[in-house]
Structures are given as C-alpha cells and as structure tokens.
Amino acid sequence: MNGAGGSQLSDYRRREQSITLSPVGEQLDEQGADGSRHELLTLNFGPHHPATHGVLRLLVTLQGELVKEIKPIIGYVHTGIEKTAEDKSYWKAIPVMERMDYLAYHFNAYAYCGAVETLLEVEVPRRAQYLRVIHLELNRIMSHLVWLGTSALDLGAISMFWYCFREREKILDLFEMSTGQRMHTRYVQVGGVAEDLPPGYEQKLRGFLAEMPERIDQYGALLNRNEIVLQRLRGTCPLDAETLLSLGVTGPLLRAAGNPWDLRKAAPYCSYEDFDFKIPVGTVGDNYDRYAVRLAEMYESVKIIQQALDGLPEGRHITDDRKVALPPRHELATSMEALIHHFKLVTEGFRVPPGEVYFPIEGPRGEYGCFVRSDGSSKPARVHMRDPSFVNLQAFSHMARDSYIADMIATLAMLDPILGGIDR
C-alpha cells in the first residue's frame, strides 16, 4: 500500500507486534538433538473471556507452532467466596457457595449442605434426596451442554452452540418452574430442598426426558462423522490414567483414560445406590475420548432422572427439625413457635456442634468436596471447596506439550475449566 495509508498500516502492525511480544519476555534458544538451534518464543494467550473459557492467562512457550511449555496464570476473578461464607451464618452462606462454579450451582450447594448436615447429624428425608438427584442430574446435563456448545465453537462448529443452548434453555425453564430461579437457585437447603415439585412439573420434565436422548443422538450424528472434528480430536493430547491420578485429576478427564472412578458408584450418597446407570470410560485418553465420555454421560443422567421420577417417595421435602429448617409459611400466621423459629433462623441462624468434615460428591467436572470446620457458633470457622477445575488445570501442560497451537486450544476446551471455581 502506498502513500499515507501504507504508512499508517505499517505503524499499526509495528504497534501490534510490540504489544503482543514485548511484555511477555525474552526469546530463548533451545539446542536440538542434532546440535541445531531452535528459537523459542513465549507468548500470552489471554486473559480474555470467552475465548479461553474464562479469564485465564496462558504463558505459552512455542517452538514454531509446537507448544513446548504452558504456565496457566489465574487470579483475575478472585472473589474470596470461602472467606465471605465464613462471615455469614450457615443458612445464609448457601447462595454464596453456589456462585463458585457457576455452571454447577446445585453441586456447590449440595457439597456445602452435605458437610453441614453431617456435622448436625440431620437426617434428610428420602423424598428430598430424590429431588436433589433430579436437580443434580439436570444440572449435570446443562453443564455438559454448555461445554459441548462452546467446545464445538472452538473447533469452528457454530451450529452446535445453538443446538446445545436450545436444550439448555429447557433445563433452565425446569429450574425456574421448581425453584423460582434459572441459575443460582438456592434450592438445596440444609435438611432437604426449598420446595416440593409444583403442579405440572412432572409432565414437563417427562417431556424433556423423552426428547433429550434423540437430541444427544443428533449431536453425535453431527460430530462423530465430521472429518474436521475427528482430525482435531482423535489422537490429540492423550494422557495416561497414572499421570492423571498423580495430579489429582478426577471426573470425565480421568474416566476418558480408562479409570472408571465415579463417587456415585464408589461411595454412593443421596440415594444414588438406588439407581441403575453405567459409568462411561474411554480407552486412549485423548481429546476424542474426553468428548465421547461426556456425551455418553448425558444419556446416563437422563436414565437416572427417569428412575428418580418413577420411584419418587412420598413424604416431606425437608427435615421437620424447626431449629434447622424454616417452618411452612402458612404456620407463621397461626403459630407463635413457628414465628420464633423463623425469626431466629433468618436473623441468627442455627448453631452447629464443634467439629470438622469433608464431604465429596461427583460433579460434571470431577470431585467437588467441601470442608467445613465448626467452632460451635452460628458461623462456620472455616470453609474450603475442592473445585475440580482448579485441580484438573494442572494436567493441561502435560496434555498439550509437543502439540500444535490448534491442538492446545481444542484441549483447553476438552478440559472444561470454569474460572469461577478456579478463582474462588
């Protein structure tokens, strides 16, 4: 380009190069096995959302287009949720906990409430356990749909994004119907759940369950024979189960490598022992297995919800211990005791006996575990969440080393990290 326009474009390119390369650091040389010198270039990928599935910065060392090293750098969205929970009563900390992994809010709430219930030795009614399972598995499907849509988008398949979010909207509609909220529902309570199923909910849920397997079939039909998808996923960035275990990796990433560990089977909780379902596992542990395992898990979640709905027990949806659970609203106008319990719970909360407990569950990304320590007051002395996204991120460098940049992007998508949980 000639004239002033050419000069401006040249200036812009020089500025772009200086912005991209200069702050990152030096260019290094690496000596090859044949004695030749290879230039290594260190670049920043991120932090920018949604291109890195959250505000994640990757310090990537490249040799040409080959990834030699990755250093994930986090901390850009840190909200101090665990310390915030320690400044609230046990009852009021539930909405705070839900906002860590914002695609698994029912799991966050249940891990926390399960830990508190263990310290309180509260017996959760059977019906409440089944209602929790229904909402947990719906949440698992919803999380996998967001993962599948955004991961396909990373591979250039924009249509999958719209299809997945179509079904996600139906799940959020079900959450809105049963809880009043589409996200961060505060449905799981200490001792049970907030409300029983409303009229018409079962019919709407059964309609979704009848439709969902066919939708998953369609996802597979679109992707499993797509040559671009297969070349991007098959054989790329595998990692063996032993290395994954040494890094503490759990969930679909571990199962994709052939290890069938799933807490719903290994250490059943919340009546999961009542349901018949399979644990999908892979063989190679590459990106295709990570994709295939999650796709298969959605079928199994549909089966679990159907069984929970068919066998839903009669009874209460929350414990009848009025010192732990809010009394029914209709009693407040006629019972002074109910009014007092309501006032005490909302203002002060309940006291938990001294002790500490770790309560693990199987979430859409792996093991969610909540550690709670009580000093006998109405506020937790210590709250800590084991978020699987944080632990699983350790494996990213091992997976993507000596792969191409494009494979690194696909692997980050298959990792399914949620930065709200990583930077809690």
Quick check: closest heavy atoms across [X] and [Y], and the distance to 0.1 Å?
X: Val60; Y: Phe45; value: CG2-CD1, 3.5 Å
X: Glu117; Y: Gly192; value: OE2-N, 3.9 Å
X: Glu367; Y: Tyr358; value: OE2-OH, 2.6 Å
X: Gly366; Y: Pro252; value: N-CD, 4.2 Å
X: His342; Y: Leu326; value: CD2-CD2, 3.8 Å
X: Val357; Y: Ala115; value: CG1-O, 3.2 Å

- Item | Residues Met414, Val293; criterion side chain to side chain contact (heavy atoms under 4.5 Å, CB included); working and verdict | CA-CA 11 Å; Met414 293 302 114; Val293 162; over 6 Å; no
Would you indicate whether [X], at its atom [atom1], is surrounded by more than 12 heavy atoms from other residues, nucleotides or ligands within a distance under 6.0 Å?
X: Glu211; atom1: CD; answer: yes
X: Tyr102; atom1: OH; answer: yes
X: Glu121; atom1: CD; answer: no
X: Lys265; atom1: NZ; answer: yes
X: Glu65; atom1: CD; answer: no
X: Ile228; atom1: CD1; answer: no

For residues [X] and [Y], determine if any side-chain heavy atom of one lies less than 4.5 Å from a side-chain heavy atom of the other.
X: Leu233; Y: Leu155; result: yes
X: Pro47; Y: Leu56; result: no
X: Tyr163; Y: Arg215; result: no
X: Phe396; Y: Leu239; result: no
X: Leu209; Y: Ile305; result: yes
X: Gln189; Y: Trp91; result: yes
X: Asp321; Y: Leu120; result: no
X: Leu62; Y: Thr42; result: no

Side-chain donor-acceptor pair under 3.5 Å between [X] and [Y], yes or no?
X: Glu167; Y: Tyr219; answer: yes
X: Arg132; Y: Gln129; answer: no
X: His398; Y: Thr243; answer: no

- Glu69/Ser397 under side-chain hydrogen bond (donor to acceptor under 3.5 Å, both in side chains): CA gap, chis, key distance, verdict: CA-CA 6 Å; Glu69 188 61 52; Ser397 178; 3.0 Å; yes
To the nearest 0.5 angstrom, please state how far the [atom1] atom of [X] sits from the [atom2] atom of [Y].
X: Glu300; Y: Ile141; atom1: CD; atom2: CD1; value: 10.5 Å
X: Thr84; Y: Lys92; atom1: OG1; atom2: NZ; value: 14.5 Å
X: Thr61; Y: Leu41; atom1: OG1; atom2: CG; value: 8.5 Å
X: Arg255; Y: Trp261; atom1: CZ; atom2: CH2; value: 11.0 Å
X: Phe277; Y: Arg264; atom1: CZ; atom2: CZ; value: 4.5 Å
X: Asp262; Y: Leu254; atom1: CG; atom2: CG; value: 10.0 Å

- Only one of Gln306, His144, Glu137 forms a side-chain hydrogen bond (donor to acceptor under 3.5 Å, both in side chains) with Ser301, so which one is it? Glu137
- Which of His135, Lys204, Glu195 passes side-chain hydrogen bond (donor to acceptor under 3.5 Å, both in side chains) with Ser178? It is His135
Test your reading of the model: is there a side-chain donor-acceptor pair from [X] to the backbone of [Y], 3.5 Å cut-off?
X: His78; Y: Asp423; answer: yes
X: Thr179; Y: Phe175; answer: yes
X: Ser389; Y: Ile418; answer: yes
X: Arg386; Y: Cys370; answer: no
X: Gln394; Y: Val391; answer: yes
X: Asp289; Y: Thr283; answer: yes

Could you check whether [X] pairs with [Y] (Lys NZ or Arg NE/NH1/NH2 to Asp/Glu carboxylate O, under 4.0 Å)?
X: Glu98; Y: Arg186; answer: no
X: Asp416; Y: Arg290; answer: no
X: Asp310; Y: Arg206; answer: yes
X: Arg424; Y: Asp387; answer: no

- Message: Could you walk me through whether Leu253 and Leu415 satisfy the side chain to side chain contact (heavy atoms under 4.5 Å, CB included) test, starting with their C-alpha distance in whole Å, then the side-chain angles of each, then the deciding distance to 0.1 Å, before giving a yes or no?
- Response: CA-CA 7 Å; Leu253 297 177; Leu415 209 63; 3.5 Å; yes
- Item | Partners passing salt bridge (Lys or Arg N to Asp or Glu O under 4.0 Å) against Glu86 (at least two apart in sequence or in another chain) |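 Salt bridge (Lys or Arg N to Asp or Glu O under 4.0 Å) check on Glu86 returns Lys83, Arg382.
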- Tell me, with the steps shown, if Tyr269 and Glu362 meet side chain to side chain contact (heavy atoms under 4.5 Å, CB included). CA-CA 10 Å; Tyr269 55 90; Glu362 186 70 34; 3.7 Å; yes
- Report the C-alpha separation of Arg127 and Leu312 in whole Å, then their side-chain angles, then the decisive distance to 0.1 Å, and conclude whether the side chain to side chain contact (heavy atoms under 4.5 Å, CB included) test is met. CA-CA 6 Å; Arg127 183 178 182 87; Leu312 190 62; 3.6 Å; yes
- Any residue meeting side chain to side chain donor-acceptor pair (under 3.5 Å) with Asp375, in chain and number order, not counting sequence neighbours: Ser377
- Task: Please name the residue in the list Tyr368, Tyr112, Tyr110, Phe371 that meets the ring pair (Phe, Tyr, Trp, His ring centres under 6.0 Å) test with Phe359.
- Result: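 By the ring pair (Phe, Tyr, Trp, His ring centres under 6.0 Å) criterion, Phe359 pairs with just one of Tyr368, Tyr112, Tyr110, Phe371: Tyr110.
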- What residues form a ring-ring contact (aromatic ring centres under 6.0 Å, His included) with Phe165, not counting sequence neighbours?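 By the ring-ring contact (aromatic ring centres under 6.0 Å, His included) rule, Phe165 matches Phe161.
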